[in-house]
Trainee: 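Quick one: structure below, then a few questions.
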Amino acid sequence: MPLIIKLLAQRIALGLILLLFVSGLIFAGTMILPGDVAQSILGQSATPEALANLRAELGLNDPPLQRYIQWLGGAMTGDLGTALTSGADITESIGKRLSNTLFLAFWAAIIAVPLAIFLGLLAVRFKDRWPDKMISAVTLASISIPEFLIGYVLMYLIAVKLRWFPSVAMINDGMSLGEKLGAIALPVTVLTLVVLAHMMRMTRAAILNVMQSAYIETAELKGLNGFQVIFRHAFPNAIAPIVNVVMLNLAYLVVGVVVIEVVFVYPGMGQYLVDHVSKRDVPVVQACGLIFAAVYIGLNMTADIVAILSNPRLRHPK
Amino acid sequence: MSEPLLKVRGLKIGATVYPPGEKPHDIDIVHGVDFDLQPGKVLGLIGESGAGKSTIGLASMAYGRGGVKITGGEVWVNGRDIMKSDHGDIRKLRGGEVTYVSQSAAASFNPAKKIIDQVVEAAVEQKKFSRKDAEDRARVLFEKLGLPDPQNIGDRYPHQVSGGQLQRCMTALALCPEPDLVVFDEPTTALDVTTQIDVLMAIKEAIRDTGVAALYITHDLAVVAQVSDDIMVLRMGNTVEYGTVDQIINNPQEEYTQALVSVRSIEHEEKEPKGDPVLSVRNITARYKGTQFDVLHNVNVDLYPGQTLAVVGESGSGKSTLARVITGLLPPREGEIEFAGRILSPDLAGRSREDLRELQMIYQMADVAMNPRQTVGTIIGRPLEFYFGMKGAEKRQRIIELLDEIELGEDFIDRYPAELSGGQKQRVCIARSLAAKPKMIICDEVTSALDPLVADGILKLLLELQKIEDVAFLFITHDLATVKAISDNIAVMYQGKVQRYGGKTKVLSPPFDDYTDLLLSSVPEMRLGWLEDVIANRKMESAGN
């Protein structure tokens, strides 16, 4: 078997094992949380018989391992159980929320990733001159200010004073794509500002590292100009570290947007998770945890796969 | 005489240096150099490291590495002073009129792009040829340079061809845009001798057939004598001597040039083996973990006390692997190592402190074999403490003795490795290994990274120390001149096997086996026409067969 296939298979298998391990961790973590679900559903005045009946009905008396296997089996077949508080099917309600979160993350990524890489290349081209310093200063400032503060400041300036975009990012199925984009303009801007600096600085560092190589000198001695050298000769060799940091930030856009979703009242996974944590709705928390873990592991696995595929020694063995 | 293609007048080159703990300041690297190069001629620039030869070569392309910049003088290419040219003109010059072949083609090719894309890039970018014409031209050049499968080799990636092939691809890259001048910067230095001779011939023929002029930069006078019309000898940024190749080789005027011409003239009488061997390598077969083939096949050699066994071979011959087996870093699959009358544990972890003390090692790269944060005294004192428990004045006294033995002296004791030259660093490494009072030292390519004159000094020192300390050397090298200079016994290795083994005189006298013959005849000799003679001889032999 070619080495590259073996490496890819190994990496994918490792991702799946990791996900299995994390699912166990999530289940165990929610198990040992203090408090009793039946009690919190029925309230303090519930009779012991009612509590016992509800526990039996919810399967809380079964051994933990059996419940874990049942839960995992259900999750793998797309059945995440029912919410304790509302009795709604979790898969169905999460599906809607997840697609909203992915919608927001997608548009933030579409803007942030190319912009970050472009700014990184620009910073390399004008290294230690004013464009480089300005890009560094602005992106560092934007990552240093807490995201909720940027959110509220933009909301005040753009939504309240200028009235360009709405302050509350409510979207529903009836809206056209344009209307939806208008609604999420502010949260997308804030997310872009938050993830930009990290990706831009890693792009800059990765390419500067490659720029030390002898083949960059060869390219310069061919009479190529600065951007040609960077695009043609440095960038292809810096893909692996850049993709790595891009994937980390994409993962953040999906699982780390809780604060932004709350600030802008956006109907995504973050809001949904926060609501149900406060209601101690364990199945929903488990389901959200599992999905977030899957997104994180999946994106990092993708980064590793791209890194393997971008290595010419593995792609074209001797 | 026609107008020279390259005219250099009073060229001064400087750089800003940032020494630790001092203010940055400017230093001069080249102090006013003049030369002319006529179209189609080859000028050899020769000197040791730090002579400024590469810096001068790159200056002809208006390029300086790091903070290096031209500070004075004139550089005229094709009747234009490139010091007064703007950015656009300089980009046309680079890759169009003047091209560059570097020492390490492996590092100078972009690993992520196909060879053909890189070979034609300058020609297409400079609008000298269309993409298709450039590719056709590249294939013609591949063929002319003797590359296998010239039609398709360009579709490979750099890691898919050998080092010698890649160096020829780099020459094709430089010749593809039909430049007027090619700067060859040590193009064969990183190659094995048997590969070097082919690449050298390919370069020479390519220069002759295309009528291109060349600056040929090297530290090896014997090599440059084969390809140049004129030679300029440089030392520390100054011209020492400048003349025709015939005059420099056969009638050098300056003392320094004479030293370069007569380098590697150390004579060493072969000693008869006496007593029992200090080291017996018996039937060693070894392979690296996770691989499917043996890198050493049934190797048997003996090393006698106070003598030198040279293990010579090209890269991949298994000579360094043999050192790893002897030191216990790679336990062999079969065979055993007898050392000072006892069988050594195959694994390093199983060896006693006495085993470790009596078997020391010196490495090729002295810089990385020393802790840059420790002084010379600490570095040499460490084995004294570790093996003999020496402390205080006694230790200091012994360190000073060792420093005297390596001809450095007491005032080096508080210096850091960064304050030493390459040769001095290697001397400190020698003192460190001697501090353990070993019976045997493995010397792994210890002179390969050094300039010829410095390397000579190290070899003389090693011979001297062998007399005083009665220590045996296992000398691993690819350089046959070194082997001739220092060894008593020689083992020629090829593809993991000992091809030829015995006393120096016997091994180096005919009749030879095919490989030893090839190896010996490939070592450049300091005379004009050597390259043509060897190639002609080989052609006759192969015709005779």
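We name chains A, B, ... by the order of the sequence lines, and we start the count at 1 in each one.
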Trainee: Would you say A/R313 and B/Q160 make side-chain contact, with heavy atoms under 4.5 Å?
Mentor: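 No. Closest side-chain heavy atoms not under 4.5 Å.
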Trainee: Below 4.5 Å from any heavy atom of chain A, which atoms of B/R65 appear? Answer side chain, backbone, both or neither.
Mentor: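 For B/R65, side-chain heavy atoms alone lie under 4.5 Å from chain A.
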Trainee: Please classify the contact between B/F109 and chain A as side chain, backbone, both or neither, with a heavy-atom cut-off of under 4.5 Å.
Mentor: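 For B/F109, the contact with chain A is made by the backbone alone.
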Trainee: Let me confirm one number: the OG1-OH distance from A/T218 to B/Y100, rounded to the nearest 0.5 Å.
Mentor: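 Taking OG1 in A/T218 and OH in B/Y100, the distance rounds to 8.0 Å.
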Trainee: Does any heavy atom of chain A fall under 4.5 Å from the side chain of B/L173, the backbone, both, or neither of them?
Mentor: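 Interface part for B/L173: side chain.
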Trainee: Can you establish whether the number of heavy atoms outside A/F118 located under 6.0 Å from its atom CZ is more than 12?
Mentor: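 No, not enclosed.
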Trainee: Using 4.0 Å as the upper bound for N to carboxylate O, is an ion pair formed by B/R91 and A/E220?
Mentor: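 Answer for the salt bridge query: no.
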Trainee: Rounded to the nearest 0.5 Å, how far does CG of A/N225 lie from CD of B/E125?
Mentor: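 Rounded to the nearest 0.5 Å, the CD-CG separation comes to 7.5 Å.
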Trainee: Please round to the nearest 0.5 Å and tell me the distance separating atom CD of B/Q118 and atom OH of A/Y215.
Mentor: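 Rounded to the nearest 0.5 Å, the CD-OH separation comes out at 9.5 Å.
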Trainee: With side chains defined as the heavy atoms from C-beta onward, is the minimum distance between A/L224 and B/R94 less than 4.5 Å?
Mentor: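 Of all side-chain heavy-atom pairs linking B/R94 with A/L224, none is under 4.5 Å.
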Trainee: Look up atom OG1 in B/T99 and atom CG in A/L221, then write down how far apart they are to the nearest 0.5 Å.
Mentor: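 Spacing of OG1 (B/T99) from CG (A/L221) equals 9.5 Å.
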Trainee: Is it the case that over 12 heavy atoms from other parts of the model lie below 6.0 angstrom from the CZ atom of A/F227?
Mentor: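 Counting neighbours around CZ of A/F227, more than 12 heavy atoms of other residues, nucleotides or ligands fall under 6.0 Å, so yes.
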Trainee: Got more than 12 heavy atoms from elsewhere within 6.0 Å of NZ, B/K92?
Mentor: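 No.
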Trainee: Over all heavy atoms of both residues, which pair between A/R232 and B/K113 is shortest? Give the atoms and the distance, please.
Mentor: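 Of all heavy-atom pairs spanning A/R232 and B/K113, the closest is O-NZ, 3.5 Å.
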Trainee: Nearest 0.5 Å, what's the CE-NZ distance between B/M61 and A/K222?
Mentor: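 Between atom CE of B/M61 and atom NZ of A/K222 there are 11.0 Å.
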Trainee: Measure B/L93 against the heavy atoms of chain A and call it side chain, backbone, both or neither at under 4.5 Å.
Mentor: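 Neither part; nothing is under 4.5 Å.
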Trainee: Could you have a look at B/A122, B/A112, B/S108 and say which one has the most heavy-atom pairs with chain A under 4.5 angstrom?
Mentor: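 Of the options given, most contacts go to B/S108.
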Trainee: Below 4.5 Å, heavy-atom pairs only: which of A/P317, A/P312, A/S213 has the largest tally toward chain B?
Mentor: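 Among A/P317, A/P312, A/S213, the one with the most close pairs to chain B is A/P312.
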